[in-house]
Number of protein chains: 2
Amino acid sequence: MQTKEIWMAKLKEKGMRITAQREAIVDILLTSEKALDPLEVYDLTRRSHPSLGIVTVYRTMECLEHLGLLQKVHQACGCNKYLKLKAGHHHLLICTNCGRAVYFEGLNFEDQFEKVAENNNFQLQDHWLQLSGLCGRCQKI
Amino acid sequence: MQTKEIWMAKLKEKGMRITAQREAIVDILLTSEKALDPLEVYDLTRRSHPSLGIVTVYRTMECLEHLGLLQKVHQACGCNKYLKLKAGHHHLLICTNCGRAVYFEGLNFEDQFEKVAENNNFQLQDHWLQLSGLCGRCQKI
DNA sequence: GTTGATAATGAAAATCATTTTCAATAAGTA
DNA sequence: TACTTATTGAAAATGATTTTCATTATCAAC
Ligand SMILES: [Mn+2]
Ligand SMILES: [Mn+2]
Ligand SMILES: [Zn+2]
Ligand SMILES: [Zn+2]
């Protein structure tokens, strides 16, 4: 099953209807290599679906976030950008020039985080790690 | 020299004037154990300075950020909160219940971050690490 | 395939946070 | 003290997001 089919199935599962607008928005989000904000999604989606309203973009993205398919990404350029979520435990590497986002794994700092929390009398719940730099393409420019 | 004196001196250094409003806002920011957004600073400062306008809070906080005295903190509850900056390289541990923020040091992952970036053909520029959990006081409630 | 209940849509209005404008005021230097 | 000019706060402007609501479209039941 393709990712898009999985996403649409999840929508259906929750009793939501499959509409042309939702399909178009999902297409954009699944294709994008970088996190997008609602206005960016709106502009990109309108190329193929000019009558789309931005309200529908807001509603659809919020809904996809609740379904665990999109996640919010915080960057210097804004905290209202969303990226398709990858299953499992990962962290992000983001290009400061073009915004390309890459999930990476392999680092495991949990124990050290636990120790720091303990030292400070905190009960650790979560952690947030994000790397930023220039992606391959953007280094050459 | 007290921290407040250092802050006021930095303002003066940049040709800015010392006003009662700025002093009151700085008092609140230096006293707070957690990151605050402009509206919170406004409410807290108005207790001692009821005629204060919120525009002045926005302007003062932006200015303190540019001076490197405040930093923006990103949290689930909002990305417009500011915390007094600590000199040197630190990371934050934030209570998800009360917002208390603690700087910690001692962890050094730079080499591993470098390696991850390299593996992904990125030129590393920065990293962002933040831990969250329940602080000592909030665990007991 | 029709029908009907109701979820979804988009335009417009409302709301909320932040920024800009501007006349009055206050800080700090001479 | 007098003067220059940065600062202030009210009000207006802006920009992003949310709400409202009449219309339309989906999809399950016939
Ligand atoms: Mn991790
Ligand atoms: Mn670090
Ligand atoms: Zn790039
Ligand atoms: Zn706490």
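So that the names make sense, note that chain A is the first sequence line, chain B the second, and so on, each numbered from 1. Model, not experiment: these values are computed from the prediction.
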M16(B) CE to dT5(D) P, straight-line distance once rounded to whole Å: 17 Å
Among dT9(C), dT19(D), dG9(D), the nucleotide that comes nearest once only the side chain of Q21(B) is considered: dG9(D)
Selected nucleotide, minimal atom distance to T19(A) side chain, candidates dT26(D), dA17(C), dA11(C): dT26(D)
Nearest-nucleotide 5' precedence on DNA chain D, R22(B) against K12(A): R22(B)
Test item: M61(B) and N80(B) side chains (from C-beta on) under 4.5 Å apart, heavy atoms: no
Atom-to-atom span, CD1 of I54(A) to C1' of dA16(D) - whole angstrom: 9 Å
Integer-rounded Å distance: dT18(C) C1' and L39(B) CG: 12 Å
Side chains of D37(A) and Y82(A) in contact at under 4.5 Å (non-hydrogen atoms): no
Parallel, tilted or perpendicular: ring planes of F104(B) versus H91(B), cut at 30 and 60 degrees: tilted
Length of the line joining Y82(A):OH and dT17(D):P, which is rounded to integer Å: 9 Å
Atom-to-atom span, CG of L64(A) to C1' of dA8(C) - whole angstrom: 14 Å
Pairs where residues 38-47 of chain A contributes a residue and the test side-chain hydrogen bond (donor to acceptor under 3.5 Å, both in side chains) is met, not counting sequence neighbours: E40(A)-K81(A), Y42(A)-R46(A)
Geometric class of the F113(A)/H127(A) ring pair [parallel <30°, tilted 30-60°, perpendicular >60°]: tilted
Touch class at under 4.0 angstrom, heavy-atom based, for R59(A) against every strand present: base
Presence of R17(A) side-chain N/O under 4.0 Å of dA25(D) phosphate oxygens OP1/OP2: no
Overall bend - the helix from dG1(C)-dC30(D) to dA30(C)-dT1(D), comparing terminal axes fitted on five pairs, nearest 10 degrees: 40°
K84(A) side chain to S32(A) backbone, donor-acceptor under 3.5 Å: yes
Nearest-angstrom distance from the residue atom CG of L52(A) to P of dT9(C): 9 Å
Backbone N/O of I94(A) and side chain of R100(A): donor-acceptor pair under 3.5 Å: no
Touch class at under 4.0 angstrom, heavy-atom based, for I18(B) against every strand present: sugar-phosphate
P38(A) or A20(B), whichever maps to the more 5' nucleotide of DNA chain D: A20(B)
N80(A) side-chain N/O to dA16(D) phosphate OP1/OP2 under 4.0 Å: no
Protein-nucleotide distance (E62(A), atom CD; dA8(C), atom P), rounded to Å: 13 Å
Spacing of H49(B) atom NE2 relative to dT7(D) atom P, expressed in whole Å: 15 Å
